[in-house]
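This report concerns only the one structure given below.
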Number of protein chains: 2
Amino acid sequence: METLRERKKRRTRESLLRAALELFTSQGYERTTVDEIAAACEVSQRTFFRYFAGKEDAAFAVQEMTEAHFLAALRARPPHEAPMEALRQAALQDWDSIRETVESAVPMELYLRMYRTIESTPALLAAHLRRSTAVEESLARLLAEREGVDVDTDPRPRLAVAVFGGVIRVTERQWCLGRDFSLEAVRSLTVSYLDQVSSALQGNWRAN
Amino acid sequence: METLRERKKRRTRESLLRAALELFTSQGYERTTVDEIAAACEVSQRTFFRYFAGKEDAAFAVQEMTEAHFLAALRARPPHEAPMEALRQAALQDWDSIRETVESAVPMELYLRMYRTIESTPALLAAHLRRSTAVEESLARLLAEREGVDVDTDPRPRLAVAVFGGVIRVTERQWCLGRDFSLEAVRSLTVSYLDQVSSALQGNWRAN
DNA sequence: TTGTCAACTGTCAGTGGCTGTCACTAGTCT
DNA sequence: AGACTAGTGACAGCCACTGACAGTTGACAA
């Protein structure tokens, strides 16, 4: 059972996270100070730093959950699937079931707004890309294990994941730039872009 | 002709840049303060910020030159080359002729050490990845123009560049991790990895 | 219930990156 | 030589972040 102390702690964290994302998305990440976030929750600035390693950490708290969610999705793919197919299916399945994961922390709508804020804030975009490479390292190891190859001598796991990651990044970016900012939109964009990779890689585009 | 004032300015900048990279690579980026860099050049901290937008800006001053160098290399490729082939050739040619570009600012050896520092410092790696996406955007536009397609409606330029960028990133990373930290090493790694992409993308790796 | 302990929090002081301001020095130009 | 102005240093201040210390409050046993 959850003790009173734990409950209070959880509430404080949730309150801080929510206030942070609300402020980041409404007035911008840089224009939001940690003091402001703490004040909104009626705690001291010091307390904020006891719950989050930094301002940036708060911005990515939900992302961290979805990253783990995607890794689990890949782990759950049947072992007979080819690497790229497994990645593709994991991504699609991920978008289909992400809502529950996200809403255990904040409203889905806030998460989506934060996604856009990350993409349009240079400092956050940089952090996002670095986090992505960390996830990609895990993905590569997972694929290598699935296929029974050594990730340190065979570059194919990392290459496959890097290519996949590149396509996902393009997808994310176009999604955030577009008008239709729904889950269905990102899902279909993912399918469309993954399907066009081989066409993009080979030959002359003019010849179609 | 270069006036005395301009000469002094250039010298100050060169001095600051060199001192910065020397300190970053020897004692670490985070453990180096701007005050330290300024003191090493006998100028005030304020002056450092008149030459560089920030500490990070100094760390990437040479990278910025090599980025432009690569873009120029791609622009110089004959228009009949297929997109991926042009990217590949530009990359190889880039590594072959990078020395002159770099040494107009700092010794090659310092540049290479800084490269490793960037890769192993989380904050710098993040910034590096963000810068890379900016370069990739330029590359995509360049390819689109070459091929006569519209970069805003046809995703293939961005996809091709993202895939290419992903491979280059893997290359950079493995290069920095490896023992052979020479230009020849990165060149041959580039060739090797680009050659293995199609193999990595399709089918079952075990069947090989 | 009460006293003790440990967890949680606030306050304060300090560091480092970064910016605005202002006065002053030193090239530049006529 | 004198006026102009780019470049600089000194100073004050903001914000992210950290360490140290003390006060408060929930947990748990006697």
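Chain naming here is simple, since letters A, B, ... match the order of the sequence lines and numbering starts at 1 in each.
- With C/dG27, D/dT25, C/dC18 as the choices, the nucleotide that has an atom nearest any side-chain atom of A/K8 turns out to be D/dT25.
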What protein N or O atoms touch nucleotides 19-21 of chain C N or O atoms at under 3.5 angstrom, if any, and at what distances?
residue	atom	partner	partner atom	Å
C/dG20	N7	B/R46	NE	3.4
C/dG20	N7	B/R46	NH2	3.0
C/dG20	O6	B/R46	NE	2.7

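- For DNA chain D, none of the residues of residues 26-33 of chain B falls under the heavy-atom distance limit of 4.0 Å.
- Which of C/dG17, D/dA16, D/dT8 sits closest to the side chain of A/V34 comes down to D/dA16.
- Taking the charged nitrogens against the carboxylate oxygens, B/R169 and B/E136 have no contact shorter than 4.0 Å, which rules out a salt bridge.
- Listed nucleotides C/dT9, C/dC18, D/dT8 differ in distance to B/T47; the shortest reach to its side chain belongs to D/dT8.
- Between B/E145 and B/R141, no side-chain nitrogen of the basic residue sits less than 4.0 Å from a carboxylate oxygen of the acidic one, so the salt-bridge criterion is not met.
- A/A127 and B/A126 make their closest contact through N-CB, 4.2 Å (heavy atoms, listed as atom of the first residue, atom of the second, distance).
- Electrostatic pairing of A/D195 and A/R88 counts as a salt bridge here, judged by a charged N lying under 4.0 Å from a carboxylate O.
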CA sep, side-chain torsions, deciding dist, call: A/H128, B/R130, side chain to side chain contact (heavy atoms under 4.5 Å, CB included):
CA-CA 9 Å; A/H128 175 60; B/R130 195 200 50 203; over 6 Å; no

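- Sorted by first and then second residue, the ring pair (Phe, Tyr, Trp, His ring centres under 6.0 Å) pairs involving residues 168-187 of chain A (not counting sequence neighbours) are A/W95-A/W175, A/Y115-A/W175, A/W175-A/F181.
- Side chain of B/T171 to backbone of B/V167: a donor-acceptor contact under 3.5 angstrom is found.
- OP1 and OP2 of C/dC8 both lie 4.0 Å or more from every side-chain N or O belonging to A/Y51.
- Rounding to whole angstrom units, CD of residue A/E36 and P of D/dC14 are separated by 15 Å.
- The separation between A/D35 atom CG and D/dG13 atom P is 17 Å, rounded to whole Å.
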Would you please test A/L124 and A/M114 for side chain to side chain contact (heavy atoms under 4.5 Å, CB included) and show each step?
CA-CA 10 Å; A/L124 290 182; A/M114 193 60 217; 3.9 Å; yes

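- Following rounding to the nearest Å, B/R11 (CZ) and D/dT8 (P) show an atom-to-atom distance of 13 Å.
- A search for side-chain hydrogen bond (donor to acceptor under 3.5 Å, both in side chains) contacts involving A/T25 returns A/R113, not counting sequence neighbours.
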Quick one: which protein N/O atoms are closer than 3.5 Å to N/O atoms of nucleotides 2-7 of chain C? Pair and distance per line, please.
residue	atom	partner	partner atom	Å
C/dA7	O4'	A/R5	NH1	3.2

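- Among the protein residues, B/F48 comes within range of no part of the nucleic acid, since none of its heavy atoms lies under 4.0 Å from any strand.
- Side-chain polar atoms of B/Q89 and B/E85 form a donor-acceptor pair below 3.5 angstrom.
- Residues forming a ring pair (Phe, Tyr, Trp, His ring centres under 6.0 Å) with A/F24 (at least two apart in sequence, or on another chain): A/Y29.
- Here C/dT9 presents its C1' atom at 17 Å from CZ of A/R13, a figure rounded to the nearest Å.
- Atom pair A/E42:CD and C/dT11:P shows a separation of 12 Å (rounding to whole Å applied).
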